[in-house]
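Values below: every heavy atom of this structure, side chains too, minus hydrogens, waters and symmetry copies. Fair warning: this is a prediction, and the values are worked out from it, not measured in the lab.
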Amino acid sequence: MTSQVNPVVHADVVAASIRLGTWPVRTPLIGAPVLNALCGGRIWLKPENLQHTGSFKFRGAMNRLLAIAPEARGGGVVAYSSGNHAQGVARAARLLGMPAVIVMPADAPRLKVERTRADGAEVVFYERLTESRESIADAIAQARGAIIVPPFADPLIIAGQGTAGLEAVQDLAALGETADLALTCCGGGGLSGGFAAGSQLPTVVVEPEGYDDVCRSLAAGRILPVDNPGPTRCDALQTLRMADITFATLVHHGATGVAVSEAEVARAVAFAFRELKLVVEPGGAVCLAALLFGRVDVAGKTVIATLSGGNIEAQVMMDCLKVAGAL
(Lines give C-alpha, C1' and ligand atoms only; values in the text may rest on other atoms or scores of the structure.)
Protein backbone atom coordinates (compact mmCIF):
# COMPACT_ATOMS: atom_id res chain seq x y z
CA MET A 1 0.00 0.00 0.00
CA THR A 2 1.16 3.50 -0.78
CA SER A 3 0.33 5.20 2.51
CA GLN A 4 -1.48 4.62 5.77
CA VAL A 5 -5.04 5.86 5.38
CA ASN A 6 -8.19 4.65 7.04
CA PRO A 7 -10.54 2.71 4.74
CA VAL A 8 -14.24 3.45 4.56
CA VAL A 9 -16.14 0.77 6.48
CA HIS A 10 -19.75 -0.30 6.94
CA ALA A 11 -20.40 2.05 9.87
CA ASP A 12 -19.41 5.02 7.68
CA VAL A 13 -21.99 4.04 5.08
CA VAL A 14 -24.69 3.60 7.72
CA ALA A 15 -23.91 7.10 9.00
CA ALA A 16 -24.13 8.45 5.46
CA SER A 17 -27.49 6.77 4.98
CA ILE A 18 -28.82 8.45 8.12
CA ARG A 19 -27.44 11.84 7.07
CA LEU A 20 -28.85 11.57 3.54
CA GLY A 21 -32.31 10.47 4.62
CA THR A 22 -34.67 10.77 1.68
CA TRP A 23 -32.53 13.12 -0.44
CA PRO A 24 -31.45 10.40 -2.90
CA VAL A 25 -33.83 8.19 -4.85
CA ARG A 26 -33.95 4.68 -3.42
CA THR A 27 -33.42 3.07 -6.81
CA PRO A 28 -35.10 -0.34 -7.18
CA LEU A 29 -33.45 -3.69 -7.68
CA ILE A 30 -34.37 -4.96 -11.12
CA GLY A 31 -34.37 -8.64 -11.98
CA ALA A 32 -33.90 -9.66 -15.62
CA PRO A 33 -34.80 -13.22 -16.61
CA VAL A 34 -33.19 -12.74 -20.03
CA LEU A 35 -29.91 -11.89 -18.30
CA ASN A 36 -30.21 -14.80 -15.90
CA ALA A 37 -30.62 -17.19 -18.83
CA LEU A 38 -27.53 -15.83 -20.56
CA CYS A 39 -25.32 -15.77 -17.45
CA GLY A 40 -26.48 -18.86 -15.60
CA GLY A 41 -26.87 -16.91 -12.38
CA ARG A 42 -29.50 -14.82 -10.64
CA ILE A 43 -28.72 -11.21 -11.51
CA TRP A 44 -30.13 -8.17 -9.75
CA LEU A 45 -29.39 -4.77 -11.27
CA LYS A 46 -29.04 -1.61 -9.18
CA PRO A 47 -30.02 1.09 -11.74
CA GLU A 48 -28.38 4.30 -10.58
CA ASN A 49 -29.14 5.72 -14.02
CA LEU A 50 -32.52 6.40 -12.38
CA GLN A 51 -30.91 8.46 -9.59
CA HIS A 52 -31.14 12.27 -9.41
CA THR A 53 -28.97 13.76 -12.20
CA GLY A 54 -28.77 10.34 -13.86
CA SER A 55 -26.00 8.72 -11.83
CA PHE A 56 -24.95 7.52 -8.38
CA LYS A 57 -22.81 10.62 -7.96
CA PHE A 58 -25.63 12.60 -6.33
CA ARG A 59 -25.35 10.36 -3.26
CA GLY A 60 -21.74 11.20 -2.46
CA ALA A 61 -22.06 14.85 -3.40
CA MET A 62 -25.08 15.42 -1.17
CA ASN A 63 -23.52 13.50 1.72
CA ARG A 64 -20.39 15.68 1.49
CA LEU A 65 -22.31 18.95 1.26
CA LEU A 66 -24.70 18.07 4.08
CA ALA A 67 -21.66 17.51 6.29
CA ILE A 68 -20.60 21.16 5.79
CA ALA A 69 -21.85 23.30 8.66
CA PRO A 70 -24.50 25.80 7.47
CA GLU A 71 -22.35 28.73 8.59
CA ALA A 72 -19.47 27.46 6.41
CA ARG A 73 -21.48 27.15 3.19
CA GLY A 74 -21.28 30.78 2.07
CA GLY A 75 -18.14 30.36 -0.05
CA GLY A 76 -19.69 27.52 -1.96
CA VAL A 77 -17.96 24.49 -3.40
CA VAL A 78 -15.54 23.63 -6.20
CA ALA A 79 -15.49 20.23 -7.88
CA TYR A 80 -13.72 18.64 -10.84
CA SER A 81 -15.38 16.06 -13.00
CA SER A 82 -15.93 14.75 -16.53
CA GLY A 83 -19.64 15.16 -15.99
CA ASN A 84 -21.52 12.92 -13.57
CA HIS A 85 -19.88 14.17 -10.36
CA ALA A 86 -20.26 17.67 -11.81
CA GLN A 87 -24.00 17.22 -12.12
CA GLY A 88 -24.28 15.63 -8.68
CA VAL A 89 -22.44 18.48 -6.98
CA ALA A 90 -24.31 21.13 -8.97
CA ARG A 91 -27.68 19.66 -7.97
CA ALA A 92 -26.73 19.18 -4.32
CA ALA A 93 -25.38 22.73 -4.13
CA ARG A 94 -28.53 24.16 -5.69
CA LEU A 95 -30.76 22.25 -3.28
CA LEU A 96 -28.75 23.57 -0.32
CA GLY A 97 -28.49 27.13 -1.68
CA MET A 98 -24.72 27.05 -2.23
CA PRO A 99 -22.74 28.44 -5.19
CA ALA A 100 -20.78 25.86 -7.17
CA VAL A 101 -17.90 25.98 -9.66
CA ILE A 102 -17.12 22.84 -11.65
CA VAL A 103 -13.80 22.24 -13.44
CA MET A 104 -14.59 20.05 -16.46
CA PRO A 105 -12.44 18.67 -19.31
CA ALA A 106 -12.80 20.49 -22.61
CA ASP A 107 -13.92 17.22 -24.22
CA ALA A 108 -16.68 16.54 -21.70
CA PRO A 109 -19.96 15.46 -23.33
CA ARG A 110 -22.07 18.47 -24.20
CA LEU A 111 -25.08 16.93 -22.50
CA LYS A 112 -23.24 16.74 -19.16
CA VAL A 113 -21.97 20.31 -19.47
CA GLU A 114 -25.47 21.60 -20.25
CA ARG A 115 -27.03 19.71 -17.35
CA THR A 116 -24.36 20.99 -14.96
CA ARG A 117 -25.03 24.57 -15.99
CA ALA A 118 -28.78 23.99 -15.80
CA ASP A 119 -28.40 23.42 -12.06
CA GLY A 120 -26.77 26.82 -11.69
CA ALA A 121 -23.09 25.84 -11.54
CA GLU A 122 -20.32 27.82 -13.19
CA VAL A 123 -18.20 25.65 -15.52
CA VAL A 124 -14.45 26.15 -16.03
CA PHE A 125 -12.81 24.02 -18.74
CA TYR A 126 -9.34 22.42 -18.77
CA GLU A 127 -7.32 20.17 -21.07
CA ARG A 128 -7.56 16.61 -19.74
CA LEU A 129 -4.06 15.41 -20.69
CA THR A 130 -2.00 18.59 -20.25
CA GLU A 131 -3.51 20.48 -17.29
CA SER A 132 -4.10 19.57 -13.66
CA ARG A 133 -7.75 19.86 -12.71
CA GLU A 134 -6.77 19.63 -9.05
CA SER A 135 -4.46 22.65 -9.32
CA ILE A 136 -7.11 24.68 -11.11
CA ALA A 137 -9.70 23.76 -8.47
CA ASP A 138 -7.27 24.62 -5.65
CA ALA A 139 -6.67 28.09 -7.10
CA ILE A 140 -10.40 28.76 -7.47
CA ALA A 141 -11.12 27.53 -3.95
CA GLN A 142 -8.43 29.75 -2.45
CA ALA A 143 -9.62 32.80 -4.37
CA ARG A 144 -13.28 32.31 -3.41
CA GLY A 145 -13.05 30.72 0.00
CA ALA A 146 -14.80 27.65 -1.36
CA ILE A 147 -14.62 24.04 -0.23
CA ILE A 148 -13.27 21.42 -2.65
CA VAL A 149 -15.49 18.40 -3.26
CA PRO A 150 -13.36 15.75 -5.02
CA PRO A 151 -15.00 13.02 -7.11
CA PHE A 152 -13.76 10.09 -5.02
CA ALA A 153 -10.80 10.96 -2.77
CA ASP A 154 -12.95 11.77 0.26
CA PRO A 155 -14.39 9.41 2.89
CA LEU A 156 -17.75 11.20 2.92
CA ILE A 157 -18.02 10.89 -0.86
CA ILE A 158 -17.20 7.18 -0.75
CA ALA A 159 -19.59 6.56 2.12
CA GLY A 160 -22.35 8.39 0.29
CA GLN A 161 -21.86 6.27 -2.81
CA GLY A 162 -21.90 3.21 -0.58
CA THR A 163 -25.53 3.82 0.35
CA ALA A 164 -26.39 2.25 -3.01
CA GLY A 165 -24.84 -1.00 -1.80
CA LEU A 166 -26.50 -0.76 1.60
CA GLU A 167 -29.89 -0.29 -0.05
CA ALA A 168 -29.30 -3.16 -2.45
CA VAL A 169 -28.63 -5.78 0.22
CA GLN A 170 -31.48 -4.45 2.38
CA ASP A 171 -33.94 -4.64 -0.49
CA LEU A 172 -32.72 -8.10 -1.50
CA ALA A 173 -33.12 -9.29 2.09
CA ALA A 174 -36.69 -7.99 2.03
CA LEU A 175 -37.27 -10.40 -0.86
CA GLY A 176 -35.86 -13.24 1.22
CA GLU A 177 -32.60 -13.48 -0.73
CA THR A 178 -28.92 -12.83 -0.15
CA ALA A 179 -26.24 -12.12 -2.74
CA ASP A 180 -22.95 -13.93 -3.26
CA LEU A 181 -21.18 -11.18 -5.18
CA ALA A 182 -21.32 -7.54 -6.24
CA LEU A 183 -20.11 -6.06 -9.54
CA THR A 184 -19.43 -2.33 -9.62
CA CYS A 185 -18.58 0.12 -12.38
CA CYS A 186 -15.23 1.68 -11.56
CA GLY A 187 -13.33 4.84 -12.44
CA GLY A 188 -11.56 6.17 -9.34
CA GLY A 189 -13.03 3.57 -7.01
CA GLY A 190 -15.46 5.70 -5.01
CA LEU A 191 -18.58 3.74 -5.93
CA SER A 192 -16.74 0.44 -5.78
CA GLY A 193 -15.19 1.06 -2.38
CA GLY A 194 -18.41 2.43 -0.96
CA PHE A 195 -20.48 -0.40 -2.42
CA ALA A 196 -18.12 -2.99 -0.94
CA ALA A 197 -18.34 -1.31 2.46
CA GLY A 198 -22.09 -0.81 2.32
CA SER A 199 -23.03 -4.23 0.96
CA GLN A 200 -20.31 -6.21 2.78
CA LEU A 201 -20.20 -8.48 -0.28
CA PRO A 202 -17.20 -9.80 -2.20
CA THR A 203 -16.82 -7.12 -4.87
CA VAL A 204 -15.47 -7.22 -8.41
CA VAL A 205 -14.72 -3.82 -9.94
CA VAL A 206 -15.17 -3.50 -13.70
CA GLU A 207 -13.27 -1.03 -15.87
CA PRO A 208 -12.81 -0.40 -19.59
CA GLU A 209 -9.63 -1.75 -21.16
CA GLY A 210 -6.96 0.95 -21.26
CA TYR A 211 -8.36 2.55 -18.11
CA ASP A 212 -8.08 -0.56 -15.93
CA ASP A 213 -5.67 0.97 -13.44
CA VAL A 214 -7.75 -0.08 -10.43
CA CYS A 215 -7.77 -3.70 -11.61
CA ARG A 216 -4.01 -3.64 -12.10
CA SER A 217 -3.42 -1.82 -8.83
CA LEU A 218 -5.41 -4.38 -6.83
CA ALA A 219 -3.53 -7.22 -8.50
CA ALA A 220 -0.14 -5.57 -7.90
CA GLY A 221 -0.81 -4.49 -4.32
CA ARG A 222 0.14 -0.89 -5.08
CA ILE A 223 -1.35 2.02 -6.98
CA LEU A 224 -0.53 1.95 -10.70
CA PRO A 225 -1.70 4.85 -12.89
CA VAL A 226 -3.23 4.53 -16.33
CA ASP A 227 -0.50 3.87 -18.87
CA ASN A 228 -0.81 5.61 -22.27
CA PRO A 229 -4.49 6.61 -22.06
CA GLY A 230 -6.43 6.59 -25.30
CA PRO A 231 -9.98 7.27 -26.47
CA THR A 232 -12.91 5.50 -24.83
CA ARG A 233 -16.69 5.77 -24.91
CA CYS A 234 -16.58 5.44 -21.12
CA ASP A 235 -15.95 9.13 -20.39
CA ALA A 236 -17.26 8.65 -16.85
CA LEU A 237 -14.44 6.19 -16.11
CA GLN A 238 -11.45 8.07 -17.56
CA THR A 239 -9.68 8.39 -14.23
CA LEU A 240 -5.90 8.35 -14.61
CA ARG A 241 -5.05 7.32 -11.03
CA MET A 242 -7.05 6.08 -8.06
CA ALA A 243 -6.67 7.71 -4.65
CA ASP A 244 -4.94 6.31 -1.59
CA ILE A 245 -8.28 6.12 0.25
CA THR A 246 -10.10 4.26 -2.53
CA PHE A 247 -7.18 1.84 -2.83
CA ALA A 248 -7.12 1.28 0.93
CA THR A 249 -10.87 0.77 1.03
CA LEU A 250 -10.94 -1.73 -1.83
CA VAL A 251 -7.98 -3.66 -0.43
CA HIS A 252 -9.59 -3.72 3.02
CA HIS A 253 -12.73 -5.27 1.55
CA GLY A 254 -10.83 -7.77 -0.60
CA ALA A 255 -11.99 -6.46 -3.98
CA THR A 256 -10.71 -7.81 -7.28
CA GLY A 257 -11.12 -6.47 -10.81
CA VAL A 258 -11.76 -7.26 -14.47
CA ALA A 259 -11.70 -5.19 -17.67
CA VAL A 260 -14.03 -5.14 -20.67
CA SER A 261 -13.44 -4.02 -24.26
CA GLU A 262 -14.96 -1.03 -26.04
CA ALA A 263 -16.98 -3.34 -28.30
CA GLU A 264 -18.32 -5.27 -25.31
CA VAL A 265 -19.38 -2.03 -23.63
CA ALA A 266 -21.16 -0.84 -26.78
CA ARG A 267 -23.04 -4.12 -27.01
CA ALA A 268 -23.98 -3.86 -23.34
CA VAL A 269 -25.43 -0.37 -23.87
CA ALA A 270 -27.46 -1.76 -26.78
CA PHE A 271 -28.57 -4.76 -24.71
CA ALA A 272 -29.80 -2.52 -21.90
CA PHE A 273 -31.73 -0.41 -24.41
CA ARG A 274 -33.26 -3.27 -26.39
CA GLU A 275 -33.76 -6.00 -23.79
CA LEU A 276 -33.98 -4.22 -20.43
CA LYS A 277 -35.65 -1.02 -21.68
CA LEU A 278 -33.06 1.04 -19.81
CA VAL A 279 -30.93 3.94 -21.03
CA VAL A 280 -27.39 3.40 -19.73
CA GLU A 281 -24.24 5.31 -20.67
CA PRO A 282 -21.09 3.35 -21.65
CA GLY A 283 -19.35 3.88 -18.31
CA GLY A 284 -22.50 2.75 -16.54
CA ALA A 285 -22.73 -0.43 -18.63
CA VAL A 286 -19.34 -2.03 -17.92
CA CYS A 287 -20.74 -4.43 -15.31
CA LEU A 288 -23.42 -5.51 -17.74
CA ALA A 289 -20.70 -6.06 -20.33
CA ALA A 290 -18.73 -8.20 -17.88
CA LEU A 291 -21.82 -10.34 -17.30
CA LEU A 292 -22.77 -10.65 -20.96
CA PHE A 293 -19.28 -11.63 -22.09
CA GLY A 294 -18.31 -13.92 -19.25
CA ARG A 295 -15.61 -11.81 -17.65
CA VAL A 296 -16.85 -13.01 -14.24
CA ASP A 297 -18.08 -16.52 -13.47
CA VAL A 298 -21.54 -16.06 -11.99
CA ALA A 299 -22.98 -19.49 -12.73
CA GLY A 300 -25.24 -20.56 -9.86
CA LYS A 301 -24.63 -17.32 -7.96
CA THR A 302 -26.84 -14.44 -6.91
CA VAL A 303 -25.22 -11.21 -8.04
CA ILE A 304 -25.90 -7.50 -7.58
CA ALA A 305 -24.54 -5.42 -10.48
CA THR A 306 -24.55 -1.65 -10.78
CA LEU A 307 -25.73 0.37 -13.73
CA SER A 308 -23.99 3.50 -12.56
CA GLY A 309 -25.26 6.17 -14.94
CA GLY A 310 -27.49 7.02 -17.87
CA ASN A 311 -26.15 10.33 -19.18
CA ILE A 312 -25.58 9.36 -22.79
CA GLU A 313 -25.77 11.55 -25.87
CA ALA A 314 -27.99 10.43 -28.73
CA GLN A 315 -25.09 9.97 -31.14
CA VAL A 316 -23.21 7.74 -28.70
CA MET A 317 -26.32 5.60 -28.28
CA MET A 318 -26.63 5.35 -32.06
CA ASP A 319 -22.98 4.31 -32.34
CA CYS A 320 -23.47 1.60 -29.73
CA LEU A 321 -26.56 0.28 -31.50
CA LYS A 322 -24.59 0.15 -34.76
CA VAL A 323 -21.74 -1.79 -33.13
CA ALA A 324 -24.30 -4.26 -31.80
CA GLY A 325 -25.85 -4.63 -35.24
CA ALA A 326 -29.14 -3.17 -34.07
CA LEU A 327 -29.22 -0.47 -36.77
Side-chain angles (χ1 to χ4, degrees), residues 27-51 53-57 82-84 87 107-112 114-115 164 168 181-187 191-192 204-212 215 230-238 257-299 303-327:
T27 52
L29 281 182
I30 297 177
V34 64
L35 194 54
N36 296 344
L38 289 170
C39 299
R42 186 160 174 76
I43 311 301
W44 292 94
L45 301 173
K46 181 66 169 171
E48 286 293 291
N49 54 311
L50 305 180
Q51 185 56 254
T53 71
S55 89
F56 72 95
K57 290 288 192 176
S82 64
N84 285 339
Q87 293 174 86
D107 63 351
R110 185 178 64 180
L111 173 68
K112 295 182 178 181
E114 291 173 350
R115 294 288 174 81
L181 187 69
L183 269 62
T184 57
C185 307
C186 187
L191 173 62
S192 296
V204 178
V205 308
V206 186
E207 295 176 289
E209 291 178 353
Y211 287 88
D212 55 347
C215 297
T232 177
R233 291 185 182 89
C234 302
D235 63 277
L237 307 183
Q238 284 183 276
V258 298
V260 291
S261 71
E262 289 290 312
E264 290 166 346
V265 170
R267 289 183 170 89
V269 170
F271 181 90
F273 181 76
R274 297 174 67 192
E275 301 293 341
L276 306 178
K277 315 308 177 188
L278 291 170
V279 175
V280 184
E281 66 184 279
V286 292
C287 292
L288 184 56
L291 290 168
L292 290 172
F293 294 96
R295 297 297 186 180
V296 182
D297 180 10
V298 298
V303 179
I304 298 171
T306 60
L307 302 176
S308 60
N311 294 309
I312 181 171
E313 295 188 315
Q315 187 58 55
V316 177
M317 176 63 82
M318 294 285 284
D319 291 344
C320 291
L321 292 171
K322 287 178 181 177
V323 169
L327 287 180

Can you tell me if CZ on R295 sees more than 12 non-hydrogen neighbours from other groups inside 6.0 Å? yes
Gap separating the [atom1] atom of [X] from the [atom2] atom of [Y], nearest 0.5 angstrom:
| X | Y | atom1 | atom2 | answer |
| --- | --- | --- | --- | --- |
| C287 | L292 | SG | CG | 11.0 Å |
| E281 | L237 | CD | CG | 8.0 Å |
| F56 | C185 | CZ | SG | 8.0 Å |

Of all residues at least two apart in sequence or in a different chain, which pass the side-chain hydrogen bond (donor to acceptor under 3.5 Å, both in side chains) check with [X]?
| X | value |
| --- | --- |
| E207 | none |
| R233 | none |
| E262 | T232 |
| D235 | K112 |

Using the rule given for side-chain contact (heavy atoms from CB on, under 4.5 Å), can you reason through E313 versus R110, listing the C-alpha separation, both sets of side-chain angles and the distance that settles it, and then say yes or no? CA-CA 8 Å; E313 295 188 315; R110 185 178 64 180; 3.3 Å; yes
State which residues pass side chain to side chain contact (heavy atoms under 4.5 Å, CB included) with T184; sequence neighbours excluded, sorted by chain then number. S192, F195, T203, V205, T306
Taking Y211 for its side chain and A259 for its backbone only, find out whether a donor-acceptor pair lies under 3.5 Å. no
Ignoring hydrogens, what is the shortest heavy-atom contact between [X] and [Y]? Give both atom names and the distance.
| X | Y | value |
| --- | --- | --- |
| A285 | V280 | N-CG1, 3.7 Å |
| G284 | S308 | CA-OG, 3.2 Å |
| V265 | C234 | CG1-SG, 3.9 Å |
| A290 | L183 | CB-CD2, 4.3 Å |
| S82 | A236 | OG-CA, 3.9 Å |
| L288 | A272 | CD2-CB, 3.8 Å |

Within-4.5 Å side-chain heavy-atom neighbours: N311 and P109: no
Can you find a heavy atom in the side chain of L181 that is under 4.5 Å from one in the side chain of V296? yes
Could you go through V269 and I312, starting from their C-alpha distance and side-chain angles, then the distance that decides it, and tell me whether this counts as side-chain contact (heavy atoms from CB on, under 4.5 Å)? CA-CA 10 Å; V269 170; I312 181 171; 4.0 Å; yes
In residues 27-36, what donor-acceptor pairs under 3.5 Å come from side-chain atoms, sequence neighbours left out?
unit_1 : atom_1 : unit_2 : atom_2 : d
T27    : OG1    : K46    : NZ     : 3.0
T27    : OG1    : E48    : OE2    : 2.5
N36    : OD1    : I43    : N      : 2.8

